[in-house]
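The structure displayed is predicted, hence computed values, not measured ones. As a basis for the values below, the full set of heavy atoms in this structure was taken, side chains included, without hydrogen atoms, waters or symmetry mates. First listed ligand is number 1; within each ligand, the first listed atom is number 1.
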Amino acid sequence: MTQKTSALNNKNTSWSGRFNEPVAELVKKYTASVGFDYRLAEFDIQGSLAHAQMLGAQKIISLEDVKVIEAGLAEILLEIQAGQFEWLLDLEDVHLNIEKRLTDKIGDAGKRLHTGRSRNDQVATDVRLWLRATTDQVIAALKKLQLSLLDLADAHFDTVMPGFTHLQVAQPVTFGHHLMAYVEMLNRDGQRFTDCRRRINRLPLGAAALAGTSYPIDRELVAKKLGFDGVCENSLDAVSDRDFAIEFTFAASLVMTHLSRLSEELILWSSPRFAFVDIADRFCTGSSIMPQKKNPDVPELVRGKTGRVYGHLTALLTLMKGQPLAYNKDNQEDKEPLFDTADTLLVTLEIYADMMRGIAVNKENMRQAASEGYATATDLADYLAKKGMPFRDAHEVVALAVRYAVDKKVELSDLPLATLQQFAPKIIDDVYAVLTLEGSLNSRNHIGGTAPVQVKAAIARAKAALNL
Ligand code: ARG
């Protein structure tokens with residue numbers, strides 16, 4: 001009896017009646033999540049409102065109680081938004097903090113809110129609501145970055161640069177074409193988030209602790225109120241799996257992979273050895289010792305932060321792999337990696353969209369580099385093949401010509417016709433049109449090719465797909 005009374009009077013927890021001694025201070029700190037899951041507050045309140053309204057509609061609690069709960073939660077939301085809500089570590093997590101405040105405000109009605117619900121289905125619901133909103137932000141931010149890349153590509157749809165394989169000059173491409181490769185990657189990234197959102201958007205509430213509940217609940221109604229496409233169909237799965245969070249983090253990892261590649265290029269291109277581009281000063285810093293330095297800090301940090309997001313993906317995958325069904329406290333560890341993934345990704349996308357608007361292109365250097373690396377050698381081989389020489393033979397003939405030009409320290413287009421004819425008598429004076437950079441670009445005139453008309457068309461298609 002004494003013990004029961006003390007449990008009911010215990011101000012700080014809703015489950016201590018069973019325990020003979022209080023939780024150790026260090027353990028409280030170790031197990032509390034309010035230090036980070038307070039970020040779910042707004043969604044916790046949304047979920048509670050929908051749950052309470054359903055309980056009322058199903059006559060599980062009175063409509064009077066529902067009204068009082070609604071008013072209390074509305075006040076609490078304002079307190080949180082105003083930064084006046086006091087989060088207590090003793091109350092462990094966002095859910096118990098809000099519930100306790102509600103009960104302090106409205107008494108017994110607040111204690112009825114948790115009917116037919118557990119923190120297990122509650123937290124899974126909160127995380128899904130938060131992640132759905134975050135996914136929408138990511139999709140919008142991806143589009144913004146694509147738009148920024150598209151504008152730069154548009155301005156450089158015919159700017160010649162060397163295309164590389166093995167980081168060796170391979171064939172001429174346009175800078176616009178190069179940028180459009182990233183627009184494509186980000187397109188698939190956007191699709192991945194849109195697809196992942198469908199699996200995020202399912203309601204766990206109703207699963208209760210793990211097995212469902214004996215109250216006559218209406219899960220469909222709650223799903224509808226919260227904008228979910230449907231309910232999670234198995235209660236054990238609903239409270240335990242975090243695959244949707246892993247998927248989100250994987251999709252984020254791939255975006256970071258793509259941006260890390262572009263960053264690596266920006267770092268190379270802005271080095272004086274390349275001098276293809278100049279990154280606006282506001283995205284760079286100087287050196288405290290070497291006065292001449294202008295460091296590409298933002299791309300370097302994007303490359304660095306990619307590792308951090310991969311780390312979160314590994315953390316979440318590892319978090320799940322050993323867990324028996326159903327809910328385990330391990331799952332509390334899903335939040336920090338997920339929050340940091342979203343924070344890192346969103347700020348990276350935002351800064352990248354701005355940075356790409358501050359890229360100045362050194363067309364002369366790009367062109368010079370393209371004309372110096374025998375980038376049109378393939379064009380000469382194709383020229384011979386089109387005149388009837390088997391491609392493999394043409395390849396060998398041109399290899400010899402390139403070797404000759406390298407020895408003489410000249411470009412292929414610098415070789416006189418008579419010299420070229422020594423390698424292949426089929427060569428006539430129309431060959432020089434093929435050996436120019438523009439000739440090479442324009443000849444790749446099919447969908448996906450680098451001919452400037454094709455790049456223009458690709459930009460137009462991408463803009464139309466973004467509904468611009
Ligand atoms: N803070 C917990 C989490 O993030 C909420 C769920 C706790 N459930 C429980 N049975 N202890 O997962």
Would Arg132 count as a cation-pi partner of Phe228, with NZ or CZ less than 6.0 Å from the six-membered ring centre and within 45° of the ring normal? yes
Mind telling me whether Tyr38 and Trp87 have parallel, tilted or perpendicular rings, with 30° and 60° as the class edges? tilted
Would you say the side chains of [X] and [Y] form a donor-acceptor pair under 3.5 Å?
X: Asn331; Y: Gln323; result: yes
X: Ser263; Y: Tyr352; result: yes
X: Arg261; Y: His258; result: no
X: Glu265; Y: His178; result: yes

Just distances here: any N/O of [X] and N/O of ligand 1 closer than 3.5 Å?
X: Asn120; result: yes
X: Gln332; result: yes
X: Asp93; result: yes
X: Ser33; result: yes

Which residue supplies the protein heavy atom nearest to [atom], what is that atom called, and how far is it?
atom: atom 6 (C) of ligand 1; value: Tyr327 OH, 3.4 Å
atom: atom 4 (O) of ligand 1; value: Lys335 NZ, 2.6 Å
atom: atom 11 (N) of ligand 1; value: Arg119 NH2, 3.6 Å

